[in-house]
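Below you'll find the structure, written out as structure tokens, and then a few comments.
In what follows, chains are A, B, ... by sequence order, proteins preceding strands, each numbered from 1. It should be emphasised that the depicted structure is a prediction, and the values quoted were computed from it without experimental measurement.
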Number of protein chains: 2
Amino acid sequence: MEKTICKFCNLKSAAAKKLNEDEICALGNNCAEVQFKTGDIIIKQDALSTNVVYVKSGLVKIHIKGPIKERIRKIIKAPAYLCLPSTFGDKVNHFSATALEDTSICFIDVNVFKQFIYDNGDFAYQIILDLSKGELQNFHSCLNNAQKQNIGRVADAILFFANEIYNSNSFTLPISRQDLADLTGITRESASRILTDFHNEKILEIDSRKITVVNEALLRQISEKG
Amino acid sequence: MEKTICKFCNLKSAAAKKLNEDEICALGNNCAEVQFKTGDIIIKQDALSTNVVYVKSGLVKIHIKGPIKERIRKIIKAPAYLCLPSTFGDKVNHFSATALEDTSICFIDVNVFKQFIYDNGDFAYQIILDLSKGELQNFHSCLNNAQKQNIGRVADAILFFANEIYNSNSFTLPISRQDLADLTGITRESASRILTDFHNEKILEIDSRKITVVNEALLRQISEKG
DNA sequence: CGACTGCTTGATGTTGCTCAACGTGCGTGG
DNA sequence: CCACGCACGTTGAGCAACATCAAGCAGTCG
């Protein structure tokens, strides 16, 4: 039965590790795991958010359709909760989520989740930690973006993929140039231009979506100088 | 004794209202109320954050010294918790807070606060709600700012003061032009220019820091169009 | 009264967006 | 199978928005 699935899951969140035997059973009974393929939409903006969404494995982009243009808020790597604030702060999703690679998602009944917060202080505290860290991170990225010019933002994005996502100087970009532009808040043309600039200055090796960071020191310098 | 102070305080946060008799006593015993005058620094960036900070009354600006220039993150009106994420997510403050008018602050021992989260599910849930709403709000303001041009941001700021802070079309700006610029992420000169533009176009009546919104509809339109 | 701060205004340079043209790969329908 | 539309990517030219630089003005404090 499903009961056992969560119990023996080795990809539990920090909060879920604090649950006791009974609670884990409750979680198993009110939780559904779903597989998504690259490009699949996981949750849709403005839809009712009736579940807590946990990314068990894979890679996801959080994006939002603004009044003017699409914006990618961030890229999330498993394991992580997706948009907890949406779930609690409001009834509807404030953004969409799309899988960037094959991804496993657990949908958890929000009432069960809420009950855990009420009953299990350890669990609640972990969630609060999670939210706090998320906000700090989010805030800093906002701040950085606001002060940097385009070249710095693109450098940031490249370093983010290299260091945070793939832990390698050589990787395949999981998104298109348009998406890269939406992620950094610039235009498709600017993104393209800057990438070729980086290539010309021997900072990156680029073969369509395959990217190798050649001169990381310089890239980091560009990122920091803005 | 201090015990009674919190108990009979009529400016309790939503979370504090969920505390029981004993907990309120504990709060009273581990909480210090301090008065700040306009311009006083309440907390300082990079200092250790050993207390939860609650704004009981008054007005506060949260600002951060970036690598390039000062940035004002937001203006907070009582009652509200200040930078909970900093307190839990990290040991040091990620920003400074300065009083914009005479302000009452309660410093609460973080361990007592933490204990409430562990022991009192209602309390924990209120904090989670608070954090969630904060993040959603924060996120939307980031998004807006990123897509808007200067004139729209200034319009935003004026509307914010008129509607959120003073609930009046006529008010005295509690900050300098430089601060307004830091708040909207533009230069002092641009802020100044845009204000006189608004004045010339009969959108605002301006007498140094005294501002009256004359044509709110148009201002709102400017804010929305970007 | 002079130094200083906060504010305003104009002139100039830079950044990055828009628009437009063009190449490429992919899927669809005749 | 080819023609066609379509999404994606690249490149160049022109222009609008802003920051920067520079100068000047009013109020204030020692």
Pairs under 3.5 Å (N/O, protein and nucleotides 19-21 of chain D):
| unit_1 | atom_1 | unit_2 | atom_2 | d |
| --- | --- | --- | --- | --- |
| D:dA19 | OP2 | B:Asn150 | ND2 | 3.3 |
| D:dA19 | OP2 | B:Thr187 | OG1 | 3.4 |
| D:dA19 | OP2 | B:Ser190 | OG | 2.5 |
| D:dT20 | O4 | B:Arg193 | NH2 | 3.3 |
| D:dC21 | N4 | B:Glu189 | OE2 | 3.3 |

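When the P atom of C:dT9 is taken as reference, atom CZ of B:Arg188 falls 14 Å away, rounded to whole Å. One interatomic measurement links the two molecules: CZ of B:Arg209 to P of D:dT28, which rounds to 13 Å at whole-angstrom precision. In this structure, the CD1 atom of B:Ile194 is 15 Å from the C1' atom of C:dC7, given to the nearest Å. The interatomic distance linking B:Lys148 (NZ) with C:dG16 (C1') rounds to 21 Å, in whole Å. When the C1' atom of D:dA26 is taken as reference, atom CD1 of B:Ile206 falls 17 Å away, rounded to whole Å. Atom CD in A:Gln149 sits about 18 Å away from atom P in C:dG13, given to the nearest Å. Between B:His199 atom NE2 and C:dC7 atom P there is a gap of 16 Å when expressed in whole angstrom units. Regarding B:Leu204, its CG atom lies at a distance of 12 Å from the P atom of C:dT8, rounded to whole Å.
Heavy-atom contacts from other residues, nucleotides or ligands closer than 6.0 Å to CD of B:Gln137 number 12 or fewer.
Partners of B:Ile41 under the side chain to side chain contact (heavy atoms under 4.5 Å, CB included) rule, at least two apart in sequence or in another chain, are B:Lys44, B:Thr98.
Residues A:Glu135 and B:Leu131 come closest through the heavy atom pair OE1-O, 4.0 Å. Nearest heavy-atom pair across A:Lys65 and A:Gln45 is N-OE1, 2.9 Å. A:Phe171 approaches A:Ile158 most closely through the heavy-atom pair CZ-O, 4.0 Å. In terms of heavy atoms, A:Leu11 sits closest to A:Tyr54 at O-OH, 2.6 Å. The shortest non-hydrogen separation linking B:Ser57 to B:Ala78 is CA-CB, 3.2 Å.
Between A:Ser192 and D:dT11 there is no side-chain N or O to OP1 or OP2 distance below 4.0 Å.
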Practice task
Step by step, work out the salt bridge (charged side-chain N to carboxylate O under 4.0 Å, His left out) result for A:Asp179 and A:Lys61.
Solution key: CA-CA 10 Å; A:Asp179 275 359; A:Lys61 74 170 174 184; 2.9 Å; yes
Practice task
Report the C-alpha distance between B:Lys56 and B:Glu33 in whole Å, list the side-chain angles of each, state the deciding distance to 0.1 Å, and finish with yes or no for salt bridge (charged side-chain N to carboxylate O under 4.0 Å, His left out).
Solution key: CA-CA 9 Å; B:Lys56 196 170 150 190; B:Glu33 185 173 346; 2.8 Å; yes
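Within the nucleic acid shown, B:Ser208 has no heavy atom closer than 4.0 Å to any nucleic acid atom.
Contact check of residues 176-184 of chain B against DNA chain D (heavy atom, cut-off under 4.0 Å) returns no residues at all.
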